[in-house]
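Chain identifiers are assigned alphabetically (A, B, ...) following the order of the sequence lines, protein sequences preceding nucleic acid strands; residue numbering begins at 1 within each chain.
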There are 2 protein chains.
Amino acid sequence: MKSTKVRKLSAAGWRVGTAREFLGLSEDEARLVSIRLALIDAIRKARARSGLSQVALAERMSSSQSRVAKIEAGDPSVSLDLIIRALIASGASDLEIGAALGTKIRTAKAR
Amino acid sequence: MKSTKVRKLSAAGWRVGTAREFLGLSEDEARLVSIRLALIDAIRKARARSGLSQVALAERMSSSQSRVAKIEAGDPSVSLDLIIRALIASGASDLEIGAALGTKIRTAKAR
DNA sequence: TGCGACTATGTCCTTTTCGACATATTCTAT
DNA sequence: ATAGAATATGTCGAAAAGGACATAGTCGCA
C-alpha cells in the first residue's frame, strides 16, 4: 500500500496495519503460519502432479479423506506433522519440501 | 559397506541390511525421521550461534527447559510443530530452515 | 438432469503431545 | 574438589490432534 494512501486513511480515522498485527500474531507465530501455508501449497501441487484423489492420498498416509480435506483447508486442528506426512505421501521430493520453506527469501534476493 | 564384506557376513550367517529395514520403517517414515533429525541439528546450531541456554530458549517459545532438552534428544514425544517453533525461536533464518530439509539432495548432487 | 467421483464440514472418542515440576546428571570455572 | 549453571530424564494431568464416520456440497459428463 502506498504511503500517501495510508496517510489519507489515517486522516479519515482508519487504522492501518498488517494482517499479522490485526490478528495479534507475534513475529514467530506469523512465520510458523507462513511455513504452514507454503507446505500446504506444496501438497496441493504434489498431489495434483501425482494424480491422487484425497481418498487415495489418505490411504497412502493411513489417514482419512476428511483429514486430507482439512489439511488443504488449513484447518487449525492439523499439525505440521500431518502436513509433512501428507507432503511426503503425495510424492514431493526432498528438494521440494526444502524449497517450500526457503523460497520466499531466495526469490527476494534473486530479483 | 563393501559388497565383498557383505558376502562374507552373509556366508557366516549374518543378515545384512539398512537401519531402516532393521527398524521396520517404511520409506516414508524413514524420510520423516531424517527430516526431524535435520531440523534438530539446525536447532542445536542456531541455538549455539544465538548463545541461548535451553532455559532461555524455552522462555522465548513459552515452553519449558525439559521440553527443549527432549527436543534436542530426539525424544519421540516431541512433534514437528514444537521442533519448528524451537527452530524459529532459536534464531534460524527462513533459508536455514529450508536448507535443513533440502540439503541432503543438494550436497549429493554437488559432489 | 441426474449420477458417480471428488471434496468439504462437523462431531465423537481415543491417542498423542504439551507444559510443568521434581530430580538427576554433566559441565565449567575457580 | 566444589559450587553453580546447564542439560538430561521421568512423570502427570490437561489440552491438542488424530482417525473414523456421517453428511453436505461440487463438479464433470453422459
(message) Within residues 60-67 of chain A, which residues have any heavy atom lying less than 4.0 Å from an atom of DNA chain D?
(response) A/S62, A/S63, A/S64, A/S66, A/R67
(request) Using a cut-off of strictly less than 4.0 Å between a heavy atom of the residue and any atom of DNA chain C, enumerate the qualifying residues of residues 47-54 of chain A by number. (result) A/R47, A/S53, A/Q54
(request) Please say which of B/L57, B/L52, B/I43 ends up in a side chain to side chain contact (heavy atoms under 4.5 Å, CB included) with B/V68. (result) B/L57
(request) May I ask you to decide whether B/K45 forms a salt bridge with B/D41, counting only side-chain N to carboxylate O separations under 4.0 Å? (result) yes
(message) Contact list please: residues 74-84 of chain A against DNA chain D, heavy atoms, distance less than 4.0 Å, in numerical order.
(response) A/P76, A/S77, A/V78, A/S79, A/L82
(message) I need the minimum non-hydrogen distance between A/G74 and A/I40, along with the two atoms involved.
(response) CA-CD1, 3.8 Å
(message) Using every non-hydrogen atom in the two residues, find where B/I88 and A/L32 come nearest and quote the distance to one decimal.
(response) CD1-N, 3.9 Å
(message) Once rounded to the nearest 0.5 Å, what's the spacing between atom CZ of B/R85 and atom OG of B/S63?
(response) 6.0 Å
(message) At a heavy-atom distance below 4.0 Å, which nucleotide of DNA chain D is the first touched by chain B, and which is the last?
(response) D/dT7 to D/dT11
(message) Assigning hydrophobic clusters by single linkage (Ile, Leu, Val, Met, Phe, Trp, Tyr; side-chain heavy-atom cutoff under 4.5 Å), is A/I71 placed with A/V55?
(response) no
(message) Check whether B/R67 reaches the backbone of B/A58 with its side chain - one donor and one acceptor, N or O, closer than 3.5 Å.
(response) no
(request) Output yes when a side-chain donor or acceptor of A/E59 lies under 3.5 Å from a complementary backbone atom of A/A56, and no otherwise. (result) no
(request) Look at A/R20 together with A/E29 and state whether they make a salt bridge at an N to O cut-off of under 4.0 Å. (result) no
(message) How close do A/E72 and A/R47 get, counting heavy atoms only, and between which atoms?
(response) OE2-NE, 2.8 Å
(message) Minimum heavy-atom separation for B/S10 and B/V16, please, with both atom names.
(response) OG-CG2, 4.5 Å
(request) Report yes or no: does B/S50 contribute a side-chain atom to a donor-acceptor pair with the main-chain N or O of B/S90 at less than 3.5 Å? (result) yes
(request) Over all heavy atoms of both residues, which pair between A/E96 and A/G91 is shortest? Give the atoms and the distance, please. (result) OE1-O, 4.1 Å
(request) Using modelled atom types only, decide if a donor and an acceptor are shared between the side chain of B/D81 and the backbone of A/S79 within a distance under 3.5 Å. (result) no
(request) Give the minimum heavy-atom separation between A/R36 and A/V78, together with the two atoms involved. (result) NH2-O, 2.7 Å
(request) Answer yes when B/E21 and B/R15 have at least one side-chain N-carboxylate O distance shorter than 4.0 Å, and no when they do not. (result) no
(message) In whole Å, I'd like the distance from the CZ atom of B/R36 to the C1' atom of C/dT16.
(response) 12 Å
Show me the protein contacts with nucleotides 3-5 of chain C, counting only N or O atoms at under 3.5 Å.
none

(message) Taking the axis from the first five pairs and the axis from the last five, what angle separates them in the helix from C/dT1-D/dA30 to C/dT30-D/dA1, rounded to 10 degrees?
(response) 50°
(request) Using a strict cut-off of less than 4.0 Å between a Lys/Arg side-chain nitrogen and an Asp/Glu carboxylate oxygen, indicate whether B/R31 and A/D94 qualify as a salt bridge. (result) yes
